[in-house]
4 protein chains.
Amino acid sequence: MQVTITEAARRKQIIDAAVEVIADLGYAKTSFARIVERAELSSTRLISYHFADKNDLMMAVLISSVGTLDELLNARLEGLTGRAEMLRAYIEVRVELLRTHPKQLRAITEVADNHRAADGSPMFAPLLTDFRVGRMERQLRQGQREGVFAEFDPAVMANTISSAIEGVARSGLPLDGYGRELADLFDRATRAAAQ
Amino acid sequence: MQVTITEAARRKQIIDAAVEVIADLGYAKTSFARIVERAELSSTRLISYHFADKNDLMMAVLISSVGTLDELLNARLEGLTGRAEMLRAYIEVRVELLRTHPKQLRAITEVADNHRAADGSPMFAPLLTDFRVGRMERQLRQGQREGVFAEFDPAVMANTISSAIEGVARSGLPLDGYGRELADLFDRATRAAAQ
Amino acid sequence: MQVTITEAARRKQIIDAAVEVIADLGYAKTSFARIVERAELSSTRLISYHFADKNDLMMAVLISSVGTLDELLNARLEGLTGRAEMLRAYIEVRVELLRTHPKQLRAITEVADNHRAADGSPMFAPLLTDFRVGRMERQLRQGQREGVFAEFDPAVMANTISSAIEGVARSGLPLDGYGRELADLFDRATRAAAQ
Amino acid sequence: MQVTITEAARRKQIIDAAVEVIADLGYAKTSFARIVERAELSSTRLISYHFADKNDLMMAVLISSVGTLDELLNARLEGLTGRAEMLRAYIEVRVELLRTHPKQLRAITEVADNHRAADGSPMFAPLLTDFRVGRMERQLRQGQREGVFAEFDPAVMANTISSAIEGVARSGLPLDGYGRELADLFDRATRAAAQ
DNA sequence: AATGAATGAGCGTTCATTCAT
DNA sequence: GATGAATGAACGCTCATTCAT
């Protein structure tokens with residue numbers, strides 16, 4: 001059961017089509033049939049062949065999209081040292097990703113919000129939230145210790161920043177300037193008084 | 001043609017069951033069959049009898065939930081005069097509603113985010129967003145004119161506040177103190193320098 | 001259970017709406033719901049109240065339409081004596097009815113052709129055909145005895161004339177002149193050689 | 001994408017069963033369930049697997065039936081040269097087909113007459129009529145130019161012949177001799193005076 | 001003379017998945 | 001590495017009809 005090059009390419013093709021369908025139609029209207037149309041495959045059988053089940057495919061979509069974006073994000077943030085500087089950069093890059101990778105971002109949200117177990121419990125949302133928010137919370141807490149940031153609940157602040165960024169797409173507002181504006185906003189909200 | 005008492009009661013029964021199912025299972029897993037189970041009706045036929053189609057039911061769910069919550073919200077905000085005071089109260093009440101009306105709030109989000117036309121375009125989300133955000137944006141703009149609020153983009157700020165509130169549920173954080181913390185956060189982010 | 005004026009009026013209202021729906025949508029797409037829309041009634045319940053079942057309504061549609069048209073037809077034919085003259089007039093009037101009563105004619109055809117018992121056997125078609133064709137066949141036979149018509153199978157001729165008239169609507173050809181042309185055609189086909 | 005042997009056989013099996021059901025029960029009472037019974041398939045799902053939707057199946061029924069019969073018809077008519085001779089042969093063969101292929105003929109009529117778009121407009125009838133009648137009209141017109149046929153409106157005559165043939169089945173009359181009788185009839189109706 | 005409320009059965013269609021090559 | 005063929009279950013929706021006033 002070795003993974004050949006073709007196998008990997010096929011999986012990527014299917015995942016990419018799934019990302020597009022999810023971004024365009026939303027999770028609820030996404031089906032194997034729609035993905036097959038988008039990827040111009042012969043039948044849904046091919047998806048079942050390469051992925052154990054729908055859950056497996058959705059996980060792959062999530063891993064692929066999150067992986068791609070986190071890699072870009074990390075590349076853009078490396079080398080930054082100051083906490084406030086990092087926060088600003090993080091927000092601006094996240095908003096910038098909306099312009100360069102809107103489909104992946106939509107797909108991540110759709111899958112995380114809507115993919116559930118049979119009993120209705122969300123499968124990926126908690127992990128994803130922990131992943132994103134947990135990291136930021138630690139940064140904020142460290143910044144408070146360093147005296148860069150004011151007193152506030154780091155968990156609430158981290159979650160608020162995360163939600164604010166997710167909310168950018170929903171707003172339909174023009175993206176130019178949005179990142180800077182948002183960075184300014186959270187700078188005011190976090191900055192220690194006598195910086 | 002005219003709405004009888006029995007008819008209204010049945011509709012309410014179905015809508016309430018729908019709200020619960022949507023809140024518990026999410027929009028994608030909600031079906032007439034699940035609603036029938038929850039409401040202990042005889043068959044899905046009864047839903048089709050009282051609502052033209054799925055779209056009609058979802059609209060009713062939205063109108064019912066938004067109406068209930070907005071009524072409560074307005075009751076709690078009336079009599080407040082200062083812009084900053086109003087903003088604080090708005091945020092705290094919205095968070096408080098999460099404790100008292102979690103199902104309605106979840107249902108609103110689920111339906112607004114996921115109910116779409118056949119081509120995938122959202123049907124209710126834009127209206128709902130305009131409604132909520134537009135009102136707040138006008139308040140912020142007025143506050144800036146009055147010198148209560150600092151310089152910032154009111155559209156971005158309104159959208160950020162709205163997103164932040166919607167993100168509370170997702171966080172899974174304890175609600176006590178969350179409202180106050182969030183109010184403090186946006187107070188710092190909006191307040192004019194000469195406080 | 002006396003038949004009041006209102007009762008009769010209501011039945012007529014429903015029958016007329018049914019005729020229109022059948023003519024417009026065809027028998028297969030006709031339902032109580034569509035008739036209710038057309039007649040602007042409150043619910044299908046009203047149809048079930050005035051007619052025992054679908055079969056009863058369809059019978060009423062047929063009786064009403066056939067009755068109306070036969071009355072007109074007979075009025076136009078009375079006083080004619082010559083067999084050939086009568087045949088010509090019959091054909092021309094039948095074609096003329098297409099212009100003045102297209103809906104009734106379509107409804108008759110639709111119901112006669114498509115309304116069936118549960119086992120698929122037609123319910124009205126044979127009677128209607130017998131009624132129309134039988135009468136004409138007797139006229140033709142009499143004309144042959146009188147030496148006005150040539151030798152031909154009267155049953156086949158009667159059925160052919162009937163079919164030809166029914167086929168006018170299907171042709172989509174302009175009606176002016178069609179009746180005369182058809183009358184000429186069957187005059188040539190029936191006329192004795194040395195008239 | 002490509003049509004396999006099994007696929008073609010299955011489609012044929014379903015189409016043939018559909019033809020029988022339509023011929024026996026009529027279009028309005030035909031459903032996937034009835035076809036499944038006739039073809040002894042496992043479930044209606046199998047029909048949906050092989051045909052995009054009901055419309056697709058009906059089109060296939062029409063194409064299959066019309067194709068089969070036209071092939072037979074053309075084979076029987078080839079080699080004939082005289083216009084009058086051709087007309088006679090055409091009519092007689094069409095009537096003969098009623099004996100050998102009654103189900104296909106009924107199915108064609110049922111589908112053409114009753115299959116409609118959502119708004120009630122017929123989907124196949126106009127094309128089918130044009131196809132059949134148009135061809136005959138051209139033959140008649142040519143015959144007139146050649147002096148074989150008398151003066152008459154070729155469009156009306158073509159439509160009348162077509163209707164007369166369609167009306168044979170409806171008559172319930174014995175078929176032996178019917179074809180010849182009908183051919184004689186239209187021979188008299190079309191033949192030029194100087195025969 | 002009419003209505004409100006409800007219903008069982010059936011419709012065509014779509015879902016992700018599986019068997020057998 | 002891929003496919004053809006098929007499937008059980010569920011979907012939202014419409015049908016004519018009935019019960020109880």
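Every chain is numbered from 1, with letters handed out A, B, ... down the list of sequences.
OP1 and OP2 of dG4(F) both lie 4.0 Å or more from every side-chain N or O belonging to Thr4(D). Remark: Ser43(A) is not in phosphate contact with dT3(F), judged by side-chain N or O atoms under 4.0 Å from OP1 or OP2. Look at Ser42(C) and you'll find a side-chain N or O under 4.0 angstrom from OP1 or OP2 of dT3(E). Contact annotation: Thr6(B) side-chain N/O to dG4(E) OP1/OP2 distance is not under 4.0 Å. OP1 or OP2 of dA5(E) has not a single side-chain nitrogen or oxygen of Arg10(B) nearer than 4.0 Å.
When each of Glu7(B), Arg11(B), Arg10(B) is checked for a side-chain hydrogen bond (donor to acceptor under 3.5 Å, both in side chains) with His50(B), only Glu7(B) meets the rule.
Atom NZ of Lys29(C) and atom P of dC15(F) are 10 Å apart (whole Å). In this structure, NE2 of His50(D) is placed 7 Å from C1' of dA6(F), rounded to the nearest angstrom. At whole-Å resolution of the value, CZ in Phe32(B) and C1' in dT14(F) are 13 Å apart. When the C1' atom of dG10(E) is taken as reference, atom CZ of Arg34(D) falls 9 Å away, rounded to whole Å. Computed from coordinates, the Ile47(C) CD1 to dT17(F) P distance equals 10 Å when rounded to whole Å. Atoms CG (Asp53(B)) and P (dC11(E)) sit 22 Å apart, rounded to a whole Å. Put simply, CD1 on Ile14(A) is 10 Å from P on dT3(F), counting in whole angstrom units. Across the protein-nucleic acid pair, Ile5(D) atom CD1 and dG4(F) atom C1' stand 13 Å apart, rounded to whole Å.
Residues Val19(D) and Ser65(D) meet the side-chain proximity criterion, which asks for heavy atoms closer than 4.5 Å. The shortest side-chain heavy-atom distance between Met58(D) and Phe51(D) does not fall under the 4.5 Å cut-off. Contact annotation: the side chain of Leu69(D) approaches that of Ile108(D) to within less than 4.5 Å [non-hydrogen atoms, C-beta and beyond]. Counting heavy atoms from C-beta on, the side chains of Phe32(D) and Ser48(D) come closer than 4.5 Å.
A salt bridge between Asp24(A) and Arg34(A) is absent, with no side-chain N of the basic residue lying under 4.0 Å from a carboxylate O of the acidic one. With respect to Asp113(A) and Arg170(B), a salt bridge is recorded, a charged nitrogen being found less than 4.0 Å from a carboxylate O.
For the side chain to side chain donor-acceptor pair (under 3.5 Å) test, residues two or more places apart in sequence or in another chain that qualify with Asn114(A) are Glu110(A), Asn114(B).
Under the 3.5 Å distance criterion, the side-chain polar atoms of Gln13(D) are matched with a main-chain donor or acceptor of Ala39(D). In this structure a side-chain-to-backbone donor-acceptor pair under 3.5 Å is missing from Ser121(C) to Ala117(C).
Listed by first residue number, the stems of DNA chain E with at least three Watson-Crick or G-U pairs below 3.5 Å are E:2-21 with F:2-21.
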Listing time: all N or O pairs from protein to nucleotides 18-21 of chain E that are below 3.5 Å?
residue, atom, partner, partner atom, Å
dT18(E), O4, Arg45(A), NE, 3.3
dC19(E), N4, Arg45(A), NE, 2.7
dC19(E), N4, Arg45(A), NH2, 3.0
dA20(E), N6, Arg45(A), NH2, 3.1

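DNA chain F is contacted by both Thr30(B) and Asn55(C); Thr30(B) maps to the nucleotide lying nearer its 5′ end (nearest heavy atom per residue). Residue Ala33(D) is the one, among Ala33(D) and Ala33(A), whose nearest nucleotide of DNA chain E lies closer to the 5' end (criterion: closest heavy atom).
When distances are taken from the side chain of Leu46(A) to each of dT17(E), dA2(F), dT13(E), the shortest belongs to dA2(F).
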